[in-house]
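Quick notes on the structure that follows.
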Amino acid sequence: MLRWILGGRDAQGTVEKSAALFIGEEQPKNCFTEMQVLKGHFDIVRFLVQIDDLSIYVCVCVCVFVCVFQTGDCLLELRCHTQQITAMTSYSFIRGRNAHAALITASSDRTLSLWDPDSGNRVQNISDLQSSVKCLLVLVRLDVWLSGGNELCVWNRDFELQCKTVHHSDAGISAMVELPKNFIAAAMDKEIVIFKLSLSGSDIVVMAMRHLADHQDTIHSLISINDGLFASGSHIGELIIWDSVDWTIQAYEHILWEEPAGDSQSEVKLKQIERSIQHMSSDGEYIVAAVGSGLYVFNVLMKSVVAYRKMAHDSNVLHTMLRLMSCSEDGSVRLWELQDLPLPAEPASSGFFGMFGTFGRSGKQTGPPAKKMPEIPGLRSLELIGDLIGHSGAVQMFLSFKEKGLVTCSTDHLLIIWKDGELQSQLRSLAVFQKLEENQKLI
């Protein structure tokens, strides 16, 4: 009920809901029982980028705020661009003997900016781009960074253009990942293009080496799994795992998300459910994919399905992580746990009445057949253990600070910091005891 009291979200009466997804107020496995709401943002909070263990970049439309996670205090406001920010990333580099942290932002106003988060000053700015930048990638080993849009550009730490390659495509480059041996994988509509960065002294040249055209629809997600593998997910539920060295397919899954639905003539038809893979995350061994309003967990090493849930949320899932969390357009943030499926029960004996059949009962089945779990070896269930209710708009993404807590951002203009209530209580008690000890020493 709290979800509707907060306002901003229409009741979703047309959305099918499962009673299994409502766990009530008693959530013993949910440690995030304390929340801090940060208001004052004037627009949708779209991106979060972690600076270090204490601070984050918060992107709100055309501005970026530097905030402290523990307290929620805003340290700086960077008024970046004249139009919406489309990508941003942190950039650490060595100058002299000291390590420097910076922020790179890209906007639909076709500009790129480099910021000093300590002073809030704009260090560099480029405004003569041919197209908007959709993604950024930092190559720490080569001390360069890349911007992707209708053209792929390679820049050094001084914001000097080293080389670029132009693509005549309306879609452009939407995502990039780093591969071994100075190769880059870039998603362009239905294709993955492999680029190579060739170094000759201080000069860098970028060239397209291969086009991987195995997807049948637009690629929405591209991630690195480990040093030897990367993965891509498409609009029609295609999950492909690739070898990072020879770019061959190591595993292919087509997630259909189909279920039978009867009509007035009792004919069974297949009703297609939204199955676009909007986001993926991996820890090197597993992949969790946001597929429509569901979740799909895949074991990379065994090349097998671990668990799935078709209706994890009431609307499309926008962000996931391998700590098994997900957030959705419906405004919810949910925590999940992998659990072993119960062993199938043995059929009960018919006993005495079985010798004579049934009394007064038709042999025809009057109700729908019981649903059976697909027979997949090693399949586990994905059970809801926590539901974080606080946002009244679509939750765009979240950042985990491990045991310190979680940060979520939303279209409701809010930033919420979720903390372990028990841990925070212990810290407050400890602070009180320390204060009492200090006061006693002063007496």
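Looking only at distances, no side-chain donor or acceptor of R275 sits under 3.5 Å from a matching main-chain atom of V291. Looking only at distances, no side-chain donor or acceptor of S381 sits under 3.5 Å from a matching main-chain atom of E383.
For residues 423-435, the side-chain hydrogen bond (donor to acceptor under 3.5 Å, both in side chains) pairs, not counting sequence neighbours, are E34-R428. Sorted by first then second residue, the salt bridge (Lys or Arg N to Asp or Glu O under 4.0 Å) pairs that include residues 276-294, not counting sequence neighbours, number zero.
In this structure, the side-chain contact (heavy atoms from CB on, under 4.5 Å) partners of S119, at least two apart in sequence or on a different chain, are D116, N121. Taking D43 as the reference, V60, C61, H413 meet the side-chain contact (heavy atoms from CB on, under 4.5 Å) condition, with sequence neighbours excluded. In this structure, F47 has no ring-ring contact (aromatic ring centres under 6.0 Å, His included) partners at least two apart in sequence or on a different chain. In this view, S224 satisfies the side-chain hydrogen bond (donor to acceptor under 3.5 Å, both in side chains) rule with no residue, not counting sequence neighbours. With sequence neighbours excluded, the residues forming a side-chain hydrogen bond (donor to acceptor under 3.5 Å, both in side chains) with N125 are S113, R122, listed by chain and number. The ring-ring contact (aromatic ring centres under 6.0 Å, His included) search around W155 returns W145, not counting sequence neighbours. With sequence neighbours excluded, no residue satisfies side-chain hydrogen bond (donor to acceptor under 3.5 Å, both in side chains) with Q216. Remark: F401 engages F69 in a ring-ring contact (aromatic ring centres under 6.0 Å, His included) (not counting sequence neighbours). Legend: residues meeting salt bridge (charged side-chain N to carboxylate O under 4.0 Å, His left out) with K29, ordered by chain and number and at least two apart, are E337. Taking S232 as the reference, H215, W242 meet the side-chain hydrogen bond (donor to acceptor under 3.5 Å, both in side chains) condition, with sequence neighbours excluded.
In this structure, NE2 on H313 lies 7.0 Å from SG on C327, to the nearest 0.5 angstrom. Considering CG of L423 and CD of E403, their distance stands at 8.0 Å, rounded to 0.5 Å.
In this model, no donor atom of one side chain and acceptor atom of the other lie less than 3.5 Å apart for T218 and H235. Inspection of the Q250 and T248 side chains reveals an N or O donor paired with an N or O acceptor under 3.5 Å. In summary, the side chains of N316 and S293 do not present any donor paired with an acceptor at a separation below 3.5 Å, with no hydrogens or angles considered.
Counting non-hydrogen atoms of neighbouring residues, nucleotides and ligands closer than 6.0 angstrom, the CG atom of D227 reaches no more than 12 such neighbours. With a 6.0 Å radius and a threshold of 12 heavy atoms from other residues, nucleotides or ligands, Q83 has its CD atom above the threshold.
Between F398 and the choices H279, H391, H319, the ring-ring contact (aromatic ring centres under 6.0 Å, His included) rule is met once, by H319. For the ring-ring contact (aromatic ring centres under 6.0 Å, His included) with F183, the qualifying choice from W247, F195, F230 is W247, the only one to do so.
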